[in-house]
Amino acid sequence: MTQVSLVDLIAGARAGLLVSFPTDTVPALATLPEQAPLIFEAKRRSQDKPLILMGASAEDLWPYVQGNENEWKIWQEVASRYWPGGLTLVLPASDRLPKQMNPHDPNTIGIRVPNSAIAQTILAQTGPLATTSANFSGQPPLQGLAEIADQFPQVLTLESTQGRAEVSGIGVPSTVCKWTGNNWQILRQGTVKLTFENNC
């Protein structure tokens with residue numbers, strides 16, 4: 001793994017390289033949406049496990065989903081309640097989304113705005129990125145620079161001398177909640193505690 005400055009990490013991400021940075025949950029492995037196959041290959045991840053599109057704000061992510069007027073109202077209400085934060089919303093994908101993000105079901109996409117200043121700083125300058133946890137598929141999320149460096153020597157990460165690279169999340173992945181067309185289905189209970197009764 002190559003440790004670089006914040007400026008160089010952002011430049012690398014914009015150039016389509018694999019990068020890793022802290023978030024409010026677990027460290028992210030990220031790249032441009034159209035370069036999503038790099039993540040599947042690096043993680044040894046099955047194509048039926050979609051990636052998450054992470055953005056600096058909800059406004060950056062809405063163009064990648066589509067729905068009717070009533071759905072938009074529901075989605076935006078949930079987003080305003082829990083973002084930025086550890087909730088991933090799985091919604092119908094728009095034509096703008098590269099199919100490489102979710103090869104098995106390109107009609108849906110998980111989107112999230114992290115509650116992390118450094119992640120938002122990066123995402124604000126790169127635009128939304130394809131993300132997942134930094135680990136081999138099926139293994140626990142990695143937490144430290146040394147672990148990430150060992151598994152992913154080709155990935156750019158922040159210099160520890162900047163201090164920012166040592167800032168980590170709580171170590172628990174985001175909650176994943178899928179829109180079914182008329183309600184929500186919890187796919188993974190994570191940092192945000194939800195029940196079906198509270199409709200996310």
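The structure presented is a predicted model; accordingly, all values stated were derived computationally and were not measured.
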Task: Results of side-chain contact (heavy atoms from CB on, under 4.5 Å) for T180 - residues two or more places apart only - done: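 Partners of T180 under the side-chain contact (heavy atoms from CB on, under 4.5 Å) test: N182, N183, Q185.
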
Task: Residues forming a side-chain contact (heavy atoms from CB on, under 4.5 Å) with T126, sequence neighbours excluded - done: I10, A13, R14, I122, L123, L129

TODO: Identify the residue among N107, T108, D48 that makes a side chain to side chain donor-acceptor pair (under 3.5 Å) with N102.
DONE: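 Filter result, single survivor: T108.
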
TODO: Show your working on side chain to side chain contact (heavy atoms under 4.5 Å, CB included) between V78 and W83 and close with a plain yes or no.
DONE: CA-CA 8 Å; V78 172; W83 285 354; over 6 Å; no

- [ ] Write out all pairs satisfying ring-ring contact (aromatic ring centres under 6.0 Å, His included) with one or both partners inside residues 108-146, taking only residues at least two apart or from two chains.
- [x] F136-F152

Task: ring-ring contact (aromatic ring centres under 6.0 Å, His included) contacts touching residues 103-135 (sequence neighbours left out) - done: none

Task: E77/R81 salt bridge by N-O under 4.0 Å criterion - done: yes

TODO: Can you see which heavy atom on G67 is nearest to which on W75, and at what distance?
DONE: CA-CH2, 3.6 Å

Open item on the list: Testing the basics here: between P98 and E34, what is the closest heavy-atom pair and its distance to 0.1 Å?
Closed with: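 The answer is CG-N, 3.9 Å.
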
Task: Of all pairs that satisfy salt bridge (charged side-chain N to carboxylate O under 4.0 Å, His left out), the ones with a partner from residues 102-120, not counting sequence neighbours - done: D24-R112

Open item on the list: With no hydrogens and no angle check, just 3.5 Å: does a side-chain donor-acceptor pair link R188 and S174?
Closed with: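 Result is yes, a qualifying pair exists.
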
TODO: Output, in order, the C-alpha distance, side-chain angles, deciding distance and verdict of side chain to side chain contact (heavy atoms under 4.5 Å, CB included) for L53 and L97.
DONE: CA-CA 9 Å; L53 189 67; L97 183 79; 4.2 Å; yes

- [ ] Sorted by first residue and then second, give each side chain to side chain donor-acceptor pair (under 3.5 Å) pair with at least one member in residues 60-69; sequence neighbours left out.
- [x] S57-D60

Task: I109 and L51: CA distance, side-chain angles, deciding distance, side chain to side chain contact (heavy atoms under 4.5 Å, CB included) verdict - done: CA-CA 8 Å; I109 181 60; L51 305 178; over 6 Å; no

